[in-house]
Number of protein chains: 2
Amino acid sequence: MKHVDMESRRKTILGAIVESYVDTATPVGSRAISQRFRYTISPATIRNVMADLEEMELIMQPHTSAGRVPTDKGYRFYVDSLLEPKHLTKEEESIINKLIHHSGNDIEYIMQNASKAISIMTNVVGIVLTPRLKRSIFKHIELFYIDDSKILAVIITTSGFVKNSIMDLEEHFTKQELTRITEFLNSELEGVFLGDIKSYLTRKLLEERDSFYTFLKQAMDILSIPGLFKTDDHLYFEGAACIMAHPEFTDVKKARLFLGACEDKKGLLNLLNEDMEFEGIKIHIGKENINSEIRDFSVVTCNYKVNDTIIGAIAAIGPTRMEYGKVMSVLKYISHELGKELENLG
Amino acid sequence: MKHVDMESRRKTILGAIVESYVDTATPVGSRAISQRFRYTISPATIRNVMADLEEMELIMQPHTSAGRVPTDKGYRFYVDSLLEPKHLTKEEESIINKLIHHSGNDIEYIMQNASKAISIMTNVVGIVLTPRLKRSIFKHIELFYIDDSKILAVIITTSGFVKNSIMDLEEHFTKQELTRITEFLNSELEGVFLGDIKSYLTRKLLEERDSFYTFLKQAMDILSIPGLFKTDDHLYFEGAACIMAHPEFTDVKKARLFLGACEDKKGLLNLLNEDMEFEGIKIHIGKENINSEIRDFSVVTCNYKVNDTIIGAIAAIGPTRMEYGKVMSVLKYISHELGKELENLG
DNA sequence: ATGTAGCACTCTAAGTGGTAGAGTGCTAAT
DNA sequence: ATTAGCACTCTACCACTTAGAGTGCTACAT
């Protein structure tokens, strides 16, 4: 038998174990792995390597005389060192394109179809986070007088999102004042991130201490209305029904836990908001998740951009036993297409 | 033993069977019912009645020597003839109030909490349909010039909802024209239902064939942009995790079916939109549902109103074995509170 | 040293048989 | 009309057995 670097063989075998387990969902035994290598390595040898891997806590046995199952740590190693990017086929890409690019101009519908696309392609639950307004760039604002105590503010971003919000004000503004404030804000804020507007104006306020002051103050009062820059923190979910086909959910308790994890909107929202900051794919495997609801499952996230600005995130959540490679490439592709579609909207 | 009208005793016993089954989820036997009546009726008598009820297809046996289970028809009879309105306790009302009235000004959040309230109070999945724009009354419109080919339209309704939509137009409008059209629409459309605007203007168009014609035509062109009056058809769901505690879902297949039913947004949307037309509670039990996805489950719906106009619907979906009385009163109460909350927003 | 065959051992999953108990329908008595 | 009694049926559960998959260890081959 060829002399192979031990370290590298361990890796290969770990990879084989992970892939086989992901595929079959049954603990994988030495024979099965040996077969995978066309019997170029005997089961006995593989058993030895497996014992090592088990010592390293990369795999474990559900019980004596069962095959091995990857641990969270095992998946982590696999994902970090062994995962090869998996390319989507033309057919797969075309399914995704159909879902994302033929959804009309309705953002709701696009988001829903994007999450559906994730779910269909990966067989786990797809999640899409609506574009974060704070990450969008100011283009235009209009303030309308509705009645004595109410103003409607409409903000348009460069990427074409529109946010409006009705505000109760104790202060009374005349139409002229509103027009002046509108004009001022439009000339002043062009190109500023919505999330930065407050600090931007505050800085301005400190610089200019002359007659301009009260005016600027008025503008700020209006803009500081809570909820004006708040995106509707909406998560789109798809695929809960089909994920129940996975053997891990034959036990209804696990199913409940999983649905609980999906309904923990706050936890997922936090995770997505955090991950969004960084470019590309992020993977959270089982106990790596801080959030207790999710600790039995894995979440893969990916941001999406509009005009090169990170503006939102998509994700997949499922059992730790998932096709990480496939999920990664699907998310990458979908985030890209979703970004393009949103650019066209704007 | 007292002589009791046969027909009425059948009813009483059917009621007892339904209630017992709803309560325990196990087929109910003659002994159990007899006990329910403090043994004033013997098990043997009850068996006779049960045989009758079975002949009438109101109850059935899962297998010989099991107790009886209500059929869809049985539930229907129960709901139509036996159900007594169940009042909510002060505590229950206060839980609901907390969820609905302390959600701030964020509609998203209110809707989500309303569906959560349904789910928590009834132990089945709660659904809330966003307010239908078409059922809202026009208050105000503003058209802005964004750039050469784009206009932003913002419509405000009397109930305080705001809808905006960016429109690509081939025709070019000057600012003056836009202002004139805006003014025209605002004076003309006050008090008209958004859903009626098109037919309203068309009628107008037929009446007035003079110089006004082109002007009116322009206005219509703008308003006929698809999606302008389209509500985001959004359904809020809550409670999928907790519903899995029901014994009907120990079989994962049933769980899958149920989640499938919940993900059939179109079907549910249709159902809610239809039911919305009629005042009050509507109940769809099992096979009464046309939609195949839902035929194993029951849906209870209730519209909600803002300023006496029906504007949306809420619902509960769960196994046919559900506490119909409780669900009805919870939906009634929540629809009322939700309406009030939305009025306050406007 | 490294790899492999053989073997005893362990544990699960699946099948079998037997029993208790819940529930029924029927009949005869009140 | 109602009910007590009884034979009958079916399930759920338990104990038991067995086949098979998989392991770890040891001794042997390279």
Side-chain angles (χ1 to χ4, degrees), chain A residues 1-10 12-14 16-17 20-21 23-71 247-248 250-251, chain B residues 1-14 16-17 20-21 23-56 58-71 247-248 250-251:
Chain A
M1 165 87 264
K2 252 183 267 174
H3 183 81
V4 190
D5 163 25
M6 182 58 178
E7 206 50 53
S8 116
R9 189 168 62 186
R10 278 186 188 166
T12 325
I13 289 179
L14 177 62
I17 293 173
S20 168
Y21 184 67
D23 200 37
T24 64
T26 46
V28 356
S30 50
R31 256 185 76 83
I33 297 298
S34 174
Q35 191 180 29
R36 234 183 150 81
F37 292 112
R38 295 199 199 117
Y39 299 106
T40 51
I41 314 176
S42 84
T45 310
I46 288 174
R47 282 205 283 281
N48 286 330
V49 178
M50 278 174 150
D52 295 343
L53 291 172
E54 185 154 15
E55 186 131 11
M56 298 161 78
E57 297 188 321
L58 296 171
I59 57 179
M60 56 159 285
Q61 284 180 287
H63 55 82
T64 352
S65 99
R68 300 313 210 285
V69 166
T71 59
E248 15 272 292
T250 40
D251 180 10
Chain B
M1 165 87 262
K2 251 183 271 171
H3 182 81
V4 190
D5 163 26
M6 182 60 180
E7 208 48 53
S8 115
R9 189 168 64 189
R10 279 186 187 165
K11 281 191 193 175
T12 325
I13 289 179
L14 177 62
I17 293 173
S20 168
Y21 184 67
D23 201 37
T24 63
T26 45
V28 356
S30 50
R31 257 188 74 83
I33 296 298
S34 174
Q35 191 179 30
R36 234 185 150 79
F37 292 112
R38 292 197 201 120
Y39 299 107
T40 51
I41 315 177
S42 83
T45 311
I46 289 173
R47 282 205 284 280
N48 287 329
V49 178
M50 279 173 149
D52 296 341
L53 291 173
E54 186 156 16
E55 187 131 9
M56 298 160 78
L58 296 172
I59 57 178
M60 56 159 287
Q61 283 179 288
H63 57 82
T64 352
S65 100
R68 301 314 211 284
V69 166
T71 60
E248 16 272 292
T250 41
D251 180 10

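Contact of A/Ser65 with C/dT10 (side chain to base): a donor-acceptor pair of N or O atoms is detected under 3.5 Å.
OP1 or OP2 of C/dT4 lies within a sub-4.0 Å distance of a side-chain N or O belonging to A/Thr45. Distances shown here put every side-chain N or O of A/Thr64 at or beyond 4.0 Å from the OP1 or OP2 atom of D/dT23. Between B/Ser30 and C/dT24 there is a side-chain N or O to OP1 or OP2 distance below 4.0 Å. Considering only side-chain N and O atoms, B/Ser42 lies under 4.0 angstrom from the phosphate OP1 or OP2 of D/dT3. A sub-4.0 Å separation between OP1 or OP2 of D/dT2 and a side-chain N or O of B/Arg9 is present.
When the C1' atom of C/dT4 is taken as reference, atom CZ of A/Arg47 falls 10 Å away, rounded to whole Å. The nearest whole Å value for the distance from the NE2 atom in B/His63 to the C1' atom in C/dA22 is 9 Å. Between the C1' atom of D/dG22 and the CD atom of A/Glu54 lies a distance of 12 Å, rounded to the nearest Å. The separation between B/Met50 atom CE and C/dT24 atom P is 5 Å, rounded to whole Å.
Put simply, the side chain of A/Tyr21 does not reach to within 4.5 Å of the side chain of A/Ile59, judged on heavy atoms.
Put simply, the side chain of A/Thr71 gets close to the backbone of A/Glu57: a donor and an acceptor are under 3.5 Å apart. Looking at B/Thr24, its side chain does come within 3.5 Å of a backbone N or O of B/Ser20 through a donor-acceptor pair.
Nearest-nucleotide positions on DNA chain D place B/Tyr39 closer to the 5' end than the other of A/Arg68 and B/Tyr39.
Considering only the side chain of A/Asn48, C/dT4 comes nearest among C/dT4, D/dC25, C/dG25. Listed candidates were D/dT9, C/dT4, D/dT23. Nearest to the side chain of A/Ile41 is C/dT4.
In this structure, A/Ala66 reaches the sugar-phosphate backbone alone: every heavy-atom distance under 4.0 Å involves primed, P, OP1 or OP2 atoms, never a base.
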